[in-house]
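Numbers restart at 1 for each chain; the letters A, B, ... are given by sequence-line order, proteins then strands.
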2 protein chains.
Amino acid sequence: MVVARPIFRRVTVYGQFCPVAKAAELLDQRWMLLVLRELLAGSQHFNEIRRGVPKMSPTLLSQRLRELVRAGVAERTPDKRYTLTPAGKELAPIIEALGAWGTRWVPALGDPDLDPHLLVWDIHRSVNITALPPGRTVLHLIFRDAPPATRYWWLVMTRDGTEICDFDPGYEIAATLDTTLRTLTEIWRGDIGWTQAQNSGVLQVAATPAAHRGLPTWLQLSKFAGTPRPLPVHSG
Amino acid sequence: MVVARPIFRRVTVYGQFCPVAKAAELLDQRWMLLVLRELLAGSQHFNEIRRGVPKMSPTLLSQRLRELVRAGVAERTPDKRYTLTPAGKELAPIIEALGAWGTRWVPALGDPDLDPHLLVWDIHRSVNITALPPGRTVLHLIFRDAPPATRYWWLVMTRDGTEICDFDPGYEIAATLDTTLRTLTEIWRGDIGWTQAQNSGVLQVAATPAAHRGLPTWLQLSKFAGTPRPLPVHSG
DNA sequence: CGGTATCCCCGTCGATACTG
DNA sequence: CAGTATCGACGGGGATACCG
């Protein structure tokens, strides 16, 4: 006899009628907010979502997605895409507020927070392809401090979309950014500026004149980069 | 030799630089959002906070509070009160948005979500004492479906504050509310209205004429009671 | 591509008792 | 009142392999 083991014991966790508690029972599960972030960012396919949460096991992602469906926050279409319901879309301002808060009040990133795959994935997703010149534009990223396997990246950008290569695709390169993983991460997050990084020598840009002009419009920063930071408090 | 076991391993959980992830590492811990709800509601003392999260063990509450202090969200004063820092106060709109979302999209309460202690504690905390007549006003609550130990409650309200009794304090009673635990919980949450409950007979109010007039101003509902609910979707 | 199945470890949490 | 100490259990979730 096979006993099906229960999958969702999360229906009641806190034993509280407070709506904050009822929302938390769904949302405070590990990885849940990040899965929602991915869905809100527009990812729909399982492996597409996974690329946004690569350190999550597929088993667990599957479980969380089913939980979202059960809760009426997401839906699974017949062609196996995950889309947000009205309830799910209403979580957008909450996730954004969380990101803004994290930007303001969680200041320092630890080295374990840095991840080249994730950074390149995020950057690729936000490339402003409408601003590109016709044809193909290739951007080469070098994380000089990263191990060889994750040191070199190429963004192949066209008006039809952007692709990531972790090997040289062989096309002509419009611009090369040579920097550290932390530097580009902090630029992406808006913690530091492009010029600040270049002036300190930790970022070197080699680009054709056209790319030099176009780069700031092609590459966009995290949606939280513009979040105003709290003024530092002086003690003296 | 005693090895002090590490208490906070939560510094890096997700291995992501995304500020949503960094915020989630703090906030998605079990009970954390509810502890913050209590702090934002104004509770400061350990056992005062505990009354808002009675099913949380003191060990765990202590751990979470220290985590909040470590993260710069709360501070512990020399006289052992917990207060929110500017970072903590900025979480207020997030918690409120969570409550509003939970009100809109987590419709049905299970029986395990109902808790008479918690309900009376919440009601007591929101009594509009400035609207009270001089002297003492006593309100008697009866949860007719609850076990005897949690069936009878008295709210002793004065302009200096409100106290909860789970035994008859012996004072003159201005009003008696005889209802079920679920009914008063749903009224408190704004799921149903006072009159609706009275008309269906599941709530009976016996009050002096003065109390009958004053009651609606003395007793306030949850801050989420007024949240507009999504319109039900018809299927036909 | 889009997941499941299985195993097992270890961290988290609950329970209880106790202390300054 | 404001927590700490200790212990044990459990179940969440990581790792890995596999399937339609």
To the nearest Å, how far apart are [X] [atom1] and [N] [atom2]?
X	N	atom1	atom2	value
A/R76	C/dC1	CZ	P	15 Å
A/R51	C/dG2	CZ	C1'	15 Å
B/Q29	C/dG11	CD	C1'	12 Å
A/E48	C/dG2	CD	P	9 Å
B/Q63	C/dA15	CD	C1'	15 Å
B/L65	D/dC1	CG	P	16 Å
B/Y82	D/dA2	OH	P	9 Å
A/L61	C/dT4	CG	P	10 Å

_5' precedence on DNA chain C between A/H45 and A/T59 (nearest-nucleotide basis)_ = A/H45

*Would you confirm whether A/R189, through its side chain, and A/T103, through its main-chain N or O, come within 3.5 Å as a donor-acceptor pair?*
no

*Out of curiosity, A/L119 CG to A/W188 CH2, how far, rounded to the nearest 0.5 Å?*
7.5 Å

Minimum-distance nucleotide (side-chain atoms of [X] versus [options]):
X	options	answer
B/R64	C/dG2, C/dC13, D/dG3	C/dC13
A/L60	C/dT6, D/dG13, C/dG3	D/dG13
A/N47	C/dG2, D/dG14, C/dA15	C/dG2
A/R30	C/dG3, D/dT4, D/dG14	D/dG14
A/S62	C/dG14, C/dG3, D/dA15	C/dG3

*Quick one: do B/K22 and B/E25 make a salt bridge, cutoff under 4.0 Å?*
yes

*Do NZ/NE/NH1/NH2 and the carboxylate oxygens of A/E38 and A/R125 come within less than 4.0 Å?*
yes

*Check A/R182 against A/L109 and note the closest heavy-atom contact, atom names and distance.*
NH2-O, 3.0 Å

*asked:* Categorize A/R50 for me: base, sugar-phosphate, or nothing, with a 4.0 angstrom heavy-atom threshold over every strand shown.
replied: nothing

